Number of protein chains: 2
Amino acid sequence: MGLDPGKEAQHAALDKIRKRVIETIGRNMDLYGISLSTGHLYGLLFFADKPMTLDEMGAEMKMSKTSMSTGVRTLLDLKMVNKVWEKGSRKDLYEVEYDWYQTFTDFFDIKWRKSVESNMMVLRKATDEINKMEKEYAEDPEMMEMLRKDKAKLQDAFAYYQWLDRLIDTFENGDIYKLVPKVPPREN
Amino acid sequence: MGLDPGKEAQHAALDKIRKRVIETIGRNMDLYGISLSTGHLYGLLFFADKPMTLDEMGAEMKMSKTSMSTGVRTLLDLKMVNKVWEKGSRKDLYEVEYDWYQTFTDFFDIKWRKSVESNMMVLRKATDEINKMEKEYAEDPEMMEMLRKDKAKLQDAFAYYQWLDRLIDTFENGDIYKLVPKVPPREN
DNA sequence: AAGAACGTACAGAAAAAACTGTACAAACCA
DNA sequence: TGGTTTGTACAGTTTTTTCTGTACGTTCTT
């Protein structure tokens with residue numbers, strides 16, 4: 001490192017290009033609920049030509065190893081990064097999941113699915129309770145009207161979540177690629 | 001208001017049901033990059049039987065009108081809430097967009113599309129610059145190898161974003177419903 | 001078995017985001 | 001036109017999140 005000044009200059013030019021890509025992609029990763037610096041960490045790993053250790057990341061990001069640890073775990077939870085085993089090194093090594101289609105799918109499977117399930121659960125419960133109340137207040141027209149309206153809203157919402165659930169299914173089972181085929185990356 | 005104690009008690013029972021739904025749905029709205037309290041605001045509007053003013057929301061949420069203003073704007077930007085015109089009142093009125101399929105689509109059109117575009121832009125630029133560098137460093141095999149690797153990554157990423165772009169197209173033009181049909185909400 | 005290296009839990013500091021109250025511009029009313 | 005009413009910009013405060021350094025348990029090495 002730092003022996004050949006020519007090599008360093010070349011590195012600098014390439015680094016500048018990488019930095020801009022990392023910056024942009026990292027910034028847009030807030031869609032995945034990821035902080036800016038974790039997004040940058042992801043970008044760093046994306047361009048790394050080999051799996052990296054926490055210490056290497058810390059050096060590169062100029063941040064503490066603790067932060068790298070938590071950042072990597074966030075990415076690991078979303079399966080955006082994989083732990084890699086390499087004989088020799090006893091440090092943990094990480095590399096990005098380069099299959100971005102898979103990353104996209106995993107994100108929905110992990111985050112959206114959980115949300116869909118808990119929402120459907122609460123909607124089901126609420127509908128049940130309203131059904132009970134409808135028996136209880138059968139003689140009160142005003143109340144019945146409110147219950148009817150609320151139940152209709154709950155059922156519409158429930159139908160939507162069923163749809164969303166099946167949409168996520170198509171991500172997982174690959175049916176989505178029948179509708180929207182993957183593009184082969186261009187040659188040149 | 002507050003005249004008939006029986007009515008109030010009924011209201012309380014229904015309110016409890018609503019609160020739990022609002023709480024759950026609101027919490028899960030962080031997927032849309034929305035804070036918890038804005039999520040609650042959305043839930044409030046979801047159950048409101050008529051369009052609400054900022055003051056009404058503030059009273060209900062026990063929060064300042066300023067917060068309601070910013071919260072509503074967030075929801076408005078995502079088209080989760082619509083401004084409603086009603087003759088007589090000179091206050092602004094808001095109601096939720098009850099077509100959740102539309103809300104889903106709008107979210108991707110607004111947030112993801114923007115992200116996809118900026119990422120594709122930066123990837124295109126970076127690829128161009130690498131192409132230039134490849135001419136410049138044609139005699140340096142080590143450098144060429146790095147450039148080749150980076151370019152391959154950029155192109156893979158680009159292909160993915162093209163796919164994502166077309167996926168969002170299917171949300172917008174409704175083709176997605178050919179693959180995953182909407183469910184009619186159940187009767188009872 | 002002793003020592004060193006590694007990753008993370010935890011508490012405190014720093015930074016960012018959410019919330020409030022005041023002030024003011026625009027729209028409306030009389 | 002003068003006086004209200006309504007929505008929001010802005011500055012300051014509170015709350016939440018992110019980041020760091022230390023401490024410690026675990027694993028590997030010799």
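None of these values were measured; they are calculated from a predicted model.
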Between L93(B) (CG) and dT6(D) (C1'), how many Å, whole number?
12 Å

Test item: side-chain donor near acceptor, S35(B) and T38(B), under 3.5 Å:
yes

Ignoring hydrogens and geometry beyond distance, is a side-chain donor-acceptor pair present between E95(A) and N82(A) at under 3.5 Å?
no

Rounded to the nearest angstrom, tell me the gap between atom CG in D55(B) and atom C1' in dT6(D).
8 Å

Starting from P on dC6(C), measure out to CG on L54(A) and report it in whole angstrom.
10 Å

Between P on dT18(D) and CG on L75(A), what's the gap in Å once rounded to a whole number?
13 Å

Less than 4.0 angstrom between a side-chain N/O of S37(B) and OP1 or OP2 of dC19(C), yes or no?
yes

Are E134(A) and K151(A) ion-paired here, with the side-chain N under 4.0 Å from a carboxylate O?
yes

Where the side chain of K65(B) is concerned, which of dC19(C), dC19(D), dT6(D) is the nearest nucleotide?
dT6(D)

Nearest-Å distance, OH (Y94(B)) to C1' (dT8(D))?
10 Å

To the nearest Å, how far apart are D77(A) CG and dT8(C) P?
11 Å

Just verifying a value: how many Å separate L164(B) CG and W112(B) CH2, rounded to the nearest 0.5 Å?
6.5 Å

Set of ring-ring contact (aromatic ring centres under 6.0 Å, His included) partners for F47(A), sequence neighbours left out
none

Return whichever of S35(B) or S69(A) has its heavy-atom-nearest nucleotide of DNA chain C closer to the 5' end.
S69(A)

The side chain of R73(A) lies closest to which of these nucleotides: dA9(C), dG7(D), dC28(D)?
dA9(C)

What is the distance, rounded to the nearest whole Å, between atom NZ of K83(A) and atom P of dT8(C)?
6 Å

Go through dG21(D), dC19(C), dT6(D) for me and flag the one nearest to the R90(B) side chain.
dT6(D)

Separation of dT17(D) C1' from I34(A) CD1 (nearest whole Å):
15 Å

Distance check: side-chain N/O of S64(A) vs OP1/OP2 of dC19(D), anything under 4.0 Å?
no

